[in-house]
Amino acid sequence: MKDFSFSVFPNENFLDLRLFQYGWEQCAPLHSFGPFVRNNFLLHYVISGRGQLDATGPDGVNRRYVLGPDQGFLICPGLVNTYFADKKDPWKYVWLEFGGLRAEESLGAAGLGPLQPIYQPGTPEQGRLVRDAMLYIAAHSQASTLHLIGHLYLFLDGLIQSSSTRREAAGPRLQDFYIQEAVTFMEHNYQRELTVEEIADMCKLNRSYFSKMFRDSMGCPPQEFLIRLRLPKPAPLLPGVQKAVRRVPPGVADAEQGPAGALSRFRAGLPPRGKPFFITPPPDRAASPGSPPWAWAGGSLRPSAHRRAMPPRRSPGIGPAGPAP
């Protein structure tokens with residue numbers, strides 16, 4: 001019988017709240033995870049059994065928490081955490097990893113954060129409603145992204161309403177306004193070369209301050225967000241799949257120069273600049289002599305077996321190079 005479930009949310013640019021991965025697991029005795037640092041928020045709800053969390057707070061102090069059924073624990077981004085199951089009564093838990101502009105604010109309204117990572121529901125019944133909301137998401141990985149994001153909102157609302165450490169939610173933050181404006185600007189201008197300086201100038205902010213604010217809110221730097229925007233766009237513009245692609249159409253990430261462009265091509269599975277490649281090559285060309293240096297083989301881009309013979313290297317004043325050791 002399967003004792004775990006794990007799913008990854010499609011990479012779509014939801015801003016206020018975003019899912020990354022979710023699932024549940026019946027752990028083996030002393031099963032552990034960590035020490036590890038997350039980039040997003042990760043909340044576990046203990047369904048049964050017991051375990052421990054070792055969490056390092058922003059003050060650098062490591063704290064240990066012992067948890068049992070109908071409790072939860074929060075892993076905050078940027079902090080070292082380790083958690084492990086009890087030897088005699090290992091826990092079973094469900095988890096959600098999420099982020100977005102409203103994630104920290106919503107968790108704060110539930111009274112959860114780096115110095116208070118333990119979720120304690122007001123009553124066991126309230127806690128089980130939160131558990132069921134998490135299990136619903138974990139069991140519906142085939143549902144639409146909007147459906148899952150909608151249930152993420154319902155889960156967070158239930159978490160806030162049921163938390164024994166609940167606080168009044170804070171009002172809108174000015175930095176959220178800047179982030180929304182920057183994202184809208186990028187969505188309308190990703191087709192052309194776009195620099196972080198230009199985006200920061202549009203927001204009337206210093207470049208360094210804007211970059212840090214964007215990374216803290218979105219979980220990635222502005223350049224990375226631009227790449228995510230651009231990567232889904234080239235497909236309709238590419239020529240037929242049986243043709244060698246020697247030029248990426250305008251308006252896609254490969255138009256960028258420098259490291260960002262190189263990362264764009266790597267993320268998209270493209271070879272280095274100037275190297276032609278085949279997408280699903282014709283059968284008679286897949287492994288034939290004369291095929292290009294980059295070919296589609298076994299489902300991934302890699303150099304083909306055929307390579308042009310290279311003349312032996314010479315060292316100045318020494319003569320022809322000998323055989324390799």
Side-chain angles (χ1 to χ4, degrees), residues 16-23 25 27 30-47 49-87 90-122 126-127 130-131 134 152 155-171 173 175-176 179 208-209 211-221:
D16 286 348
L17 290 174
R18 295 177 289 159
L19 268 173
F20 292 95
Q21 50 108 343
Y22 44 89
E25 182 173 6
C27 296
L30 296 180
H31 170 78
S32 65
F33 192 90
F36 200 80
V37 177
R38 290 282 177 180
N39 295 322
N40 309 293
F41 292 102
L42 177 64
L43 185 81
H44 292 73
Y45 185 96
V46 182
I47 300 172
R50 306 187 69 81
Q52 294 187 23
L53 167 70
D54 288 343
T56 302
D59 54 2
V61 177
N62 185 270
R63 298 172 176 87
R64 173 164 291 186
Y65 305 90
V66 178
L67 297 109
D70 297 317
Q71 289 183 296
F73 60 97
L74 176 69
I75 306 296
C76 293
L79 299 176
V80 179
N81 291 267
T82 304
Y83 45 97
F84 50 94
D86 187 75
K87 182 178 181 179
W91 54 17
K92 176 181 180 181
Y93 50 53
V94 57
W95 75 86
L96 299 177
E97 183 179 359
F98 57 94
L101 296 176
R102 299 295 180 191
E104 184 175 6
E105 175 187 330
S106 299
L107 291 167
L112 299 177
L115 295 176
Q116 175 51 49
I118 305 305
Y119 164 70
Q120 183 69 53
Q126 289 179 318
V130 172
R131 174 202 65 187
M134 298 175 72
L152 178 62
F155 150 72
L156 281 171
D157 179 67
L159 186 77
I160 294 169
Q161 300 301 326
S162 66
S163 177
S164 61
T165 55
R166 176 185 176 188
R167 296 199 301 257
E168 290 299 321
R173 299 179 300 171
Q175 77 172 44
D176 293 344
I179 297 298
S208 298
Y209 175 76
S211 296
K212 182 181 184 305
M213 180 181 66
F214 194 95
R215 179 189 287 273
D216 291 345
S217 295
M218 301 299 292
C220 67

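What you see is a predicted model, and the numbers here were worked out from it, not measured in a lab.
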As a quick check of understanding, evaluate side chain to side chain contact (heavy atoms under 4.5 Å, CB included) for Leu112 and Ile118, giving each step before the final call. CA-CA 7 Å; Leu112 299 177; Ile118 305 305; 5.9 Å; no

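- Side-chain contact between Val46 and Asp70 is absent, with no heavy atoms from C-beta onward closer than 4.5 Å.
- A distance of 4.5 Å separates CG in Asn40 from CD in Glu97, rounded to the nearest 0.5 Å.
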Does the pair Val61 and Thr56 meet the rule for a side chain to side chain contact (heavy atoms under 4.5 Å, CB included), with working shown? CA-CA 5 Å; Val61 177; Thr56 302; over 6 Å; no

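- Listed for the Gln71 side chain is a donor-acceptor partner under 3.5 Å among the backbone atoms of Gly68.
- Between the side chain of Ser106 and the main chain of Asp157, no donor-acceptor pair closer than 3.5 Å is present.
- When side chains are defined from C-beta on, Phe155 counts as touching Leu43, because their heavy atoms get closer than 4.5 Å.
- Here the side chains of Leu74 and Leu42 are not in contact, with every heavy-atom distance at 4.5 Å or above.
- If you take CZ on Arg50 and SG on Cys27, they are separated by 14.5 Å, rounding to the nearest 0.5 Å.
- A donor-acceptor pair under 3.5 Å links the side-chain atoms of Ser163 to the main chain of Ala110, judged by distance alone.
- Counting only heavy atoms from C-beta outward, the side chains of Phe41 and Pro77 approach each other to under 4.5 Å.
- The aromatic rings of Tyr45 and Tyr119 sit tilted, their planes meeting at an angle between 30° and 60°.
- Here the straight-line distance linking atom CZ of Phe33 with atom CD1 of Ile75 works out to 9.5 Å at 0.5 Å rounding.
- Counting heavy atoms from C-beta on, the side chains of Tyr93 and Tyr83 come closer than 4.5 Å.
- Between Trp95 and the choices His44, Glu25, Gln21, the side-chain hydrogen bond (donor to acceptor under 3.5 Å, both in side chains) rule is met once, by Gln21.
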Show your working on side chain to side chain contact (heavy atoms under 4.5 Å, CB included) between Tyr22 and Phe98 and close with a plain yes or no. CA-CA 9 Å; Tyr22 44 89; Phe98 57 94; over 6 Å; no

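- With no hydrogens or angles considered, no side-chain donor-acceptor pair links Gln126 and Gln161 at under 3.5 Å.
- Rounded to the nearest 0.5 Å, atoms CG (Leu115) and CZ (Arg63) are 5.5 Å apart.
- Within the model, atoms CG of Asn81 and CG of Asp54 stand 8.5 Å from one another, a figure rounded to the nearest 0.5 Å.
- For an aromatic pair to be called close, the ring centres must be under 6.0 Å apart, and Phe73 with Trp91 satisfies this.
- Annotation: side chain of Pro114 is in contact with side chain of Leu79 (closest heavy-atom distance under 4.5 Å).
- Between Leu107 and Leu159, the closest side-chain pair of non-hydrogen atoms falls below 4.5 Å.
- Between Met134 atom CE and Leu96 atom CG the span is 4.0 Å, to the nearest 0.5 Å.
- Side-chain atoms of Arg166 and Ile160, non-hydrogen and from C-beta on, do get closer than 4.5 Å to each other.
- Crowding of Arg215 atom CZ: a count of heavy atoms from other residues, nucleotides or ligands under 6.0 Å not exceeding 12.
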